[in-house]
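The block underneath contains the structure these notes are about, expressed in structure tokens.
Whatever order the structure lists them in is the order used to number ligands and atoms, beginning at 1. Everything quoted here is computed from the prediction, not taken from an experiment. We number each residue from 1, following the sequence as shown. These numbers come from the heavy atoms of this one structure, side chains and all, not from hydrogens, waters or symmetry mates.
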Amino acid sequence: MKSYITTPIYYVNGAPHIGHAYTSIVADIMKRNRTALGMEMMLSTGVDEHGQKNQEAARDLGMQIEPYLDMRCDEFRKVFDLLDVDYDYFVRTSREGHKKAVAHMEQTIFDKGLIVKHAYTGIYCKGCEEFKKESDLTEDGQCPLHPTMKVEQTDETNYFLKMEPFRQKLLDHIEANPDFVHPAAFRNELKQMLSEPLEDLCISRPKERVTLGVDLPFDPDFVTYVWFDALANYLTNIGWPEDGYQDWWAACEHLIGKDILKPHGVYWPIMLMAAGLPLPKRLNVHSHWTGAGGVKMSKSIGNVVDPHEVVEMMGVDALRWYLARHMRADSDSQISVELIRQTYNSELGNKIGNLLSRVAKFSNKNFDGKVPVPGPLTEEDETLRRTVMQAVSGLAGEVAMPDIPARVHVLVTAAEAMNEYIDHQAPWSLFKTEETRERCATVLYVTLDCQRVLFEALAQIIPTSAAKALAMLNAPEVAVPWTPQLDKLAGGTQLGDILALFPRVNAPEAA
Ligand code: ME8
């Protein structure tokens, strides 16, 4: 079975930030989850290279556009590689094949008489690359999403896509497919957006204002509106309009932040309907990260979380873990380097990593470097094994985006149960006398085997550390499709080198 997951393609008017890292990491987690289940996956991420704000960002740095785009594109690729985002396709909207396909889509819609030319007076926000209504603005007349970028009064003749003829059809689709927009809060928000007549969508920009874009196929004085061009990436990545894209398209799920619900929930479905194409399978929407205290992250406040800094300080999995574990489904969540550090030390370090190294080291020293051979199991052993199997079962089926934090949370609960078990069983004491030595071996075995199962599940979230842990246990290769199973770690297996998986990181002032 195929699954095609897309992230937004990010503007290159600045360096990649934690929000970009987040959506691409979540997409990667979903890919790893489904790959483990045996699905055939395609994950696309990348950059949105056109539009006014990218054009102005190059100018502000005094750079020519092409070297500027190459530089930013390289930064995004590098950050996704650093963050273990296992993408299959990296989107650049400057690619010739993409531009050709965008023009084809526009021409198709134009030929159906659904694109019209007329004058328009409106307020433009470069941040959103969108015309705004008075009612969208703050009291002092600014865009609430981009308060530092002045909106501009714009008076232009442009091309417009007729939207209203498709509004009811889209509403009907949302009603008939309750899973089309996920989670429900954003489905309701979208229905609200569609509750009033829709204005035509401006799909062009005159070349006097914007040159960085795809030429409009039916008028050389205009380039295509950046959103029309960018949204089309989801189809052009899989080869549309050439044959062969259909199976992937039917399996397509978009991942987006709540800031771009309208382009994905209104513009894109209507563009597709206008072109006579089917809609994607699902739109997964997430809330945003804010700084500690709920304050918006900004360079001037100094609360921006730089993915590079976090990786350098604590490793990639500290960041992946925090992002996967602490995003709330229905409201914004807080992030700071200090919150990541505390979570890393307390959960990954104290609860998960330390237990593995303690038990593996003890087995290594006292059982000849091998996984101890267990004797008969007790009810307590079975209880722990059930708890762990129950916890990992949450990742042994397809996980929807909003459920990721809860699925990760139960893994922590399972790690806590293992710690309690070990403290209670005290294998270090059991080892001291001959009569209890077999029981000691059993307790160590049960713990190591449960750790193996836990890390097989954690491979979907923190793949680098999970691979190290499984190598320490010299665990057998994980089969695809993955079905968690106990007792796959044979007693007597030679242990690998034992490392500290999550070495403690002190607060900078205490270091
Ligand atoms: O909108 N928390 O690009 P963009 C979580 N080019 N996620 C965040 C975030 C935050 N604080 N800030 C940003 C664009 N994101 C267009 C998209 S798609 C055809 C074109 C993430 O660089 C989130 O996924 O502004 C959000 O939707 C996206 O970055 C916006 O990235």
Side-chain angles (χ1 to χ4, degrees), residues 5-28 30 44-55 57 69 72-73 75-76 79-80 83 85 91-94 98 102 105 125-130 143 145-146 149 186 212-214 224-237 252 254-269 271-272 280 283-292 294-299 301 303-307 319 322-324 326-329 331-336 401-402:
I5 296 178
T6 71
T7 77
I9 50 172
Y10 308 110
Y11 286 128
V12 287
N13 64 324
H17 58 64
I18 198 75
H20 302 144
Y22 175 65
T23 314
S24 293
I25 286 175
V26 171
D28 174 77
M30 289 171 73
S44 73
T45 193
V47 290
D48 186 351
E49 297 179 278
H50 294 148
Q52 193 170 350
K53 70 175 166 181
N54 292 338
Q55 181 177 311
L69 294 175
R72 289 288 188 217
C73 178
E75 288 173 2
F76 274 88
V79 84
F80 295 141
L83 299 175
V85 175
V91 185
R92 290 194 68 166
T93 51
S94 57
H98 168 78
V102 168
M105 187 181 284
C125 169
K126 265 184 291 180
C128 298
E129 294 277 14
E130 248 189 343
C143 168
L145 295 174
H146 300 95
M149 285 186 178
F186 294 109
L212 187 56
V214 179
T224 304
Y225 172 38
V226 63
W227 268 108
F228 188 105
D229 158 9
L231 288 161
N233 92 86
Y234 301 132
L235 270 175
T236 65
N237 301 341
C252 179
H254 301 314
L255 264 58
I256 58 164
K258 64 179 184 180
D259 52 321
I260 53 176
L261 176 60
K262 190 172 178 191
H264 285 80
V266 180
Y267 305 168
W268 180 225
M271 282 167 60
L272 290 164
L283 193 52
N284 296 284
V285 191
H286 63 72
S287 298
H288 276 179
W289 293 102
T290 67
V295 182
K296 193 175 159 70
M297 280 181 272
S298 82
K299 287 201 183 109
I301 300 176
N303 61 351
V304 170
V305 176
D306 175 9
L319 181 62
Y322 190 86
L323 294 175
H326 290 284
M327 173 57 94
R328 292 197 302 256
S331 57
D332 290 348
S333 305
Q334 300 181 15
I335 191 166
S336 69
M401 189 181 76

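Taking a cut-off of under 4.0 Å to the non-hydrogen atoms of Trp289, the atoms of ligand 1 that pass are 2 (N), 5 (C), 10 (C), 11 (N).
Residues passing the side chain to side chain contact (heavy atoms under 4.5 Å, CB included) test with His17 are His20, sequence neighbours excluded. Thr23 meets the side chain to side chain donor-acceptor pair (under 3.5 Å) test with His286; sequence neighbours excluded.
Aromatic pair Phe228/Trp268: ring centres not closer than 6.0 Å.
With atom 9 (C) of ligand 1 as the reference point, the heavy atom nearest to it among Pro16, Gly19, Gly291 is part of Gly19.
Residue-to-ligand polar distances keep Trp227 apart from ligand 1: every N/O pair is separated by 3.5 Å or more. At least one N or O atom of Gly257 sits closer than 3.5 Å to an N or O atom of ligand 1. Checked by distance only, ligand 1 and His264 stay at 3.5 Å or farther apart across all their nitrogen or oxygen atoms. Where the criterion is an N or O separation shorter than 3.5 Å, residue side chain and backbone included, Ala230 fails it with respect to ligand 1. Geometrically, ligand 1 and Tyr22 share no nitrogen or oxygen pair separated by less than 3.5 Å.
The side chain of Asp259, and not its backbone, has at least one atom closer than 4.0 Å to an atom of ligand 1 (non-hydrogen atoms only; side chain from C-beta on).
Note on ligand 1: His286 sits in its first shell, one or more heavy atoms being nearer than 4.0 Å. Under the 4.0 angstrom criterion for non-hydrogen atoms, His17 is in contact with ligand 1. Distances from ligand 1 to the non-hydrogen atoms of Tyr234 include at least one value under 4.0 Å.
Using the six-membered ring where Trp is involved, His264 and Trp227 have ring planes that are perpendicular, over 60° apart on the 30 and 60° scheme.
Ion pair Glu129/Lys53 not flagged as a salt bridge, since none of the NZ, NE, NH1 or NH2 atoms sits closer than 4.0 Å to an Asp/Glu carboxylate oxygen.
Note that the CZ atom of Phe80 and the OG1 atom of Thr45 stand 4.0 Å from one another [nearest 0.5 Å].
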